[in-house]
Amino acid sequence: MELGLSWVVFVGIFGVFVALKWMLCSVNQWFYEIKLGDKRLSLPPGDLGWPLIGNMWSFLRAFKSSNPDSFISTFVTRFGHTGMYKTFMFGSPSIIITVPEACRRVLTDDEAFKPGWPTSTLKLIGRKSFIGISYDEHKRLRRLTAAPVNGHEALSMYLRYIEDNVVSALDKWAGMGEIEFLTELRKLTFRIIMYIFLSSESEQAMEALEREYTALNYGVRAMAINIPGFAYHKALKARKKLVATFQSIVDERRERRRKNPTTPKKDMMDALLDVEDENGRRLNDEEIIDVLVMYLNAGHESSGHITMWATLFLEKHPEFFQRAKAEQEAIVKNRPPTQKGLALKEVRDMEYLSKVIDETLRLVTFSFVVFREAKADVNISGYTIPKGWKVLVWFRSVHLDPEIYPEPKEFNPLRWDGLTPKAGTYLPFGAGSRTCPGNDLAKLEIAVFLHYFLLNYKLERLNPACPLMYLPHSRPKDNCLGRIRRVSSS
Ligand code: HEM
């Protein structure tokens with residue numbers, strides 16, 4: 001009798017629990033979908049998750065596990081291979097897009113979509129950075145800043161600086177014993193971007209700034225919880241310090257230019273101070289600082305990580321390592337004896353190495369997602385993306401789709417033999433008006449590094465089986481602890 005009663009109580013409690021869960025999981029749906037009227041019927045399939053946090057918990061759980069792709073697989077398993085899923089993430093109702101044609105459409109249709117980064121990210125990167133300003137302002141500032149980092153003339157100018165720094169960094173690391181390879185690479189790429197923007201080389205100032213950027217990045221994909229101890233809180237503090245440092249640099253530069261108006265202009269900071277719009281308006285300090293915060297961040301984290309991954313993949317596959325090394329040896333052998341160092345043309349002719357870099361960019365997909373917002377209701381493949389909803393363009397799924405790239409998790413530079421990717425299937429640098437303006441600079445940095453590394457060095461990792469982390473970006477948990485060993489004196 002007593003047993004029967006406790007069974008009824010158990011079933012009752014279970015029933016209440018299931019009903020409560022169903023109600024809670026429907027709150028977001030009621031709140032965000034009811035107001036769409038009939039349009040809600042053409043939303044892509046999906047699930048808006050729990051109130052307030054939506055699907056953030058499953059996202060973070062997947063990306064903090066050893067299988068980040070389980071996040072998207074869950075949608076595919078539950079709702080089919082539709083390539084578009086409704087969700088609720090980073091505080092907004094959103095549509096995740098995982099197929100090439102739809103990704104391309106979102107990235108290239110500026111009439112229908114604008115940047116849609118979460119407010120928490122905007123607070124970290126700056127409301128006057130490229131992700132916060134108007135369409136016209138973005139166009140103007142992009143025109144001003146893209147050519148000086150990416151054009152042929154610019155790259156020829158930076159090549160020697162990059163090369164000198166790569167050579168001396170490798171030489172220094174070989175004498176340092178154990179190093180965190182990734183941390184050192186980030187310092188190297190940071191030094192390069194600081195030089196381009198601020199002509200600054202003070203070692204101490206750079207190390208301090210780079211540390212702040214590390215904290216800033218941890219906050220970008222974390223939950224926006226501004227409480228001491230949480231990544232987002234630390235990131236906000238880091239931003240404050242970065243802004244204060246850049247403010248003093250701007251003040252000092254303005255002062256120097258006031259005292260010596262005829263000093264030749266040399267770096268991006270000078271260009272930003274000089275630029276005027278059609279009404280003669282110049283950028284104010286906040287605008288300059290936010291552009292700096294954004295560029296210096298985007299301009300070193302990504303190149304540092306991809307350089308590390310390319311090195312690791314080559315070390316893991318001796319046959320690819322040997323082939324890449326042979327190409328570099330041939331370049332040195334065929335060069336006129338009077339030539340000192342690399343020429344830009346030699347870098348452009350590194351056919352095999354460029355496949356290694358393309359494959360690394362695909363397999364790692366440093367920016368696994370980018371954010372847009374629908375400016376009006378948009379129809380893609382029969383599904384509605386409602387006005388005001390965010391669009392999460394999930395590059396990682398495109399690059400790891402076995403239909404597009406067979407055995408997608410294998411590192412295989414040979415897959416690029418004769419392959420010209422179809423539109424939307426290869427997006428390491430994005431597409432459309434917001435394509436990465438530093439793509440050629442990044443590839444140049446990576447190629448120059450690999451040239452010298454392959455010719456003269458090996459990496460011996462301390463924990464080759466070290467587990468990976470996927471947030472904010474894919475990397476070994478130990479930041480690739482190891483030794484750089486010199487293998488020849490050429
Ligand atoms: C391997 C290295 C790199 C990767 C994988 C990468 C990836 C990307 C991607 C995917 C975007 C598009 C974001 C979007 O569509 O919303 C982007 C934008 C951007 N990248 Fe890169 N990037 C790299 C290197 C660099 C470098 C070296 C710089 C600086 C010179 C840079 C500066 C920027 C800036 C400023 C934007 C924003 C562009 C805009 O909104 O108009 N990136 N990057």
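For ligands, and for the atoms within them, numbers begin at 1 and follow the listed sequence. All values reported here derive from a predicted model rather than from experimental measurement. Quick note: residue numbers are just sequence positions, from 1. Below, each value reflects all heavy atoms present in this structure, side chains not excepted, and no hydrogens, waters or symmetry copies.
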What does the N/O contact table under 3.5 Å look like for ligand 1?
| residue | atom | partner | partner atom | Å |
| --- | --- | --- | --- | --- |
| ligand 1 | 15 (O) | Arg372 | NH2 | 2.7 |
| ligand 1 | 16 (O) | Arg372 | NH1 | 3.0 |
| ligand 1 | 16 (O) | Arg372 | NH2 | 3.4 |
| ligand 1 | 40 (O) | Arg434 | NH1 | 3.1 |
| ligand 1 | 41 (O) | His138 | NE2 | 2.6 |
| ligand 1 | 41 (O) | Arg142 | NH1 | 2.8 |

I'd like to know if Glu207 pairs up with Lys187 as an ion pair, taking the criterion as any Lys NZ or Arg NE/NH1/NH2 lying under 4.0 Å from an Asp or Glu carboxylate oxygen. yes
Side chains of Glu163 and Tyr452 in contact at under 4.5 Å (non-hydrogen atoms): yes
With sequence neighbours excluded, residues passing salt bridge (Lys or Arg N to Asp or Glu O under 4.0 Å) with Arg415: Glu359
Could you check, using the six-membered ring where one of them is a Trp, whether Tyr426 and Trp416 have ring centers closer than 6.0 angstrom? yes
Salt bridge present between Arg461 and Glu315 (N-O < 4.0 angstrom): no
Taking the inter-plane angle between the rings of His305 and His473 on a 0 to 90° scale, is it parallel (under 30°), tilted (30 to 60°) or perpendicular (over 60°)? perpendicular
